[in-house]
There are 2 protein chains.
Amino acid sequence: MTEVGVDRIFQALADQTRRDILGRAIQSGESVSVLSRHYEMSFAAVQKHVAVLERAALVTKERRGREQIVHTNRTTLRRAMTLLDAYEQLWIQRIDQITEILTITEGEPK
Amino acid sequence: MTEVGVDRIFQALADQTRRDILGRAIQSGESVSVLSRHYEMSFAAVQKHVAVLERAALVTKERRGREQIVHTNRTTLRRAMTLLDAYEQLWIQRIDQITEILTITEGEPK
DNA sequence: CTAATATACAACCATATGGTTGTAGGACGT
DNA sequence: ACGTCCTACAACCATATGGTTGTATATTAG
């Protein structure tokens with residue numbers, strides 16, 4: 001995944017409406033128009049939010065008759081979590097190194 | 001945590017330079033000027049990136065003489081992970097419900 | 001066929017973002 | 001005391017974002 005891809009994932013998550021859409025779409029796919037009824041904004045605005053989520057691969061659309069059903073892509077969601085976890089791992093590694101240094105120091109005779 | 005706070009966390013994460021700063025600062029605190037040497041942009045630009053991370057509570061600054069040491073705030077990082085995990089949990093709940101429904105259906109006599 | 005529904009997309013607007021340069025102040029070395 | 005280093009912040013610019021309204025197209029209902 002390209003860096004701009006990662007940018008898009010977090011960028012897409014940085015909006016309350018879009019996070020709410022993700023939550024609804026992960027429980028059961030909803031059409032864009034059904035989704036839009038939950039928010040106090042125009043249909044076009046919600047459509048744009050879905051487009052942002054889609055560009056980030058956080059949702060996919062499945063056409064059903066005249067409506068588009070929005071589904072959350074759990075794989076991308078997990079990818080975002082994994083990325084954050086990597087930072088924690090960096091930190092844990094540092095702790096391990098420090099521990100190792102301390103162990104060696106303690107173990108070595110003066 | 002307020003919703004705008006969550007917005008700020010993900011917003012702050014939606015930039016490669018800022019994610020890199022987080023990675024460096026979690027391993028060992030670096031001053032703003034030392035950080036800025038790693039990137040092909042002005043000191044002021046890096047300073048702004050640090051400010052964005054600070055506003056999102058993803059880093060804190062500790063003054064040491066004339067420099068400011070940037071430290072990653074692991075608590076906020078974990079909070080972001082927890083938020084993402086909540087979406088997964090929503091989905092797992094749905095699966096559990098479906099499983100339960102199926103179990104009841106199977107268990108009930110025709 | 002016609003009307004209503006669901007979507008797509010363009011044009012527009014205000015504000016935010018990510019970069020720049022420039023100015024100014026506090027801390028350190030000599 | 002002086003120059004240098006580190007930081008802070010303002011002003012500016014181009015582009016992106018989040019919203020609007022309006023228009024166009026496809027699908028379904030009757």
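Naming convention: chains lettered A, B, ... in sequence-line order (proteins, then strands); numbering from 1 in each chain.
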Side chain of [X] only, heavy atoms from C-beta on: which candidate in [options] is closest?
X	options	answer
A44(A)	dG18(D), dA8(C), dT21(D)	dT21(D)
A45(B)	dT7(D), dG19(D), dG19(C)	dG19(C)
S33(B)	dT7(D), dT17(D), dG18(D)	dT7(D)
R63(A)	dG19(C), dG19(D), dT7(C)	dT7(C)
Q68(B)	dA8(D), dG19(C), dA6(C)	dA8(D)
K61(A)	dA8(C), dT17(C), dT7(D)	dA8(C)

Measure [atom1]/[X] against [atom2]/[N] and give the value in whole Å, please.
X	N	atom1	atom2	value
R66(A)	dA6(C)	CZ	P	6 Å
Q16(A)	dT17(D)	CD	C1'	17 Å
E62(B)	dC6(D)	CD	P	17 Å
Q11(A)	dA16(C)	CD	P	14 Å
Q47(A)	dA11(C)	CD	C1'	15 Å
D7(B)	dG18(D)	CG	C1'	12 Å
L13(B)	dT17(C)	CG	P	14 Å
H49(B)	dG19(C)	NE2	P	4 Å

For [X], which contact category applies under a 4.0 Å heavy-atom criterion: base, sugar-phosphate, or nothing?
X	value
R8(B)	nothing
R18(A)	sugar-phosphate
S42(B)	base
T17(B)	nothing

>> I need the single residue from N73(A), I21(A), V52(A), L22(A) that forms a side-chain contact (heavy atoms from CB on, under 4.5 Å) with L58(A). Which is it?
In response: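 It is L22(A); the other options fail the test.
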
> Between atom CD of Q27(B) and atom CH2 of W91(A), what is the distance when rounded to the nearest 0.5 Å?
Replying inline: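 The CD atom of Q27(B) sits 12.0 Å away from the CH2 atom of W91(A).
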
> What distance do I92(A) atom CD1 and Y87(A) atom OH have between them, rounded to the nearest 0.5 Å?
Replying inline: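 Going from CD1 on I92(A) over to OH on Y87(A), the span is 15.0 Å.
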
> Quick one: on DNA chain D, does I69(B) or E40(A) contact a more 5' nucleotide (nearest heavy atom)?
Replying inline: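 So the residue in question is I69(B).
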
> Mapping V32(B) and D15(A) to their closest nucleotides on DNA chain D, which lands nearer the 5' end?
Replying inline: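 Looking at DNA chain D, the more 5' nearest nucleotide goes with V32(B).
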
> Can you tell me if Q97(B) and R94(B) form a side-chain donor-acceptor pair at under 3.5 Å?
Replying inline: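 Side chains of Q97(B) and R94(B): no pair found under 3.5 Å.
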
>> Is a donor from one side chain sitting under 3.5 angstrom from an acceptor on the other, for R19(B) and Q16(B)?
In response: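 Yes.
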
> Going hydrophobic residue to hydrophobic residue with side-chain gaps under 4.5 angstrom, can you get from L53(A) over to L83(B)?
Replying inline: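 Shared cluster, yes.
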
> Side-chain N or O of R64(B) less than 4.0 angstrom from OP1 or OP2 on dC5(D)?
Replying inline: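 Result: no.
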
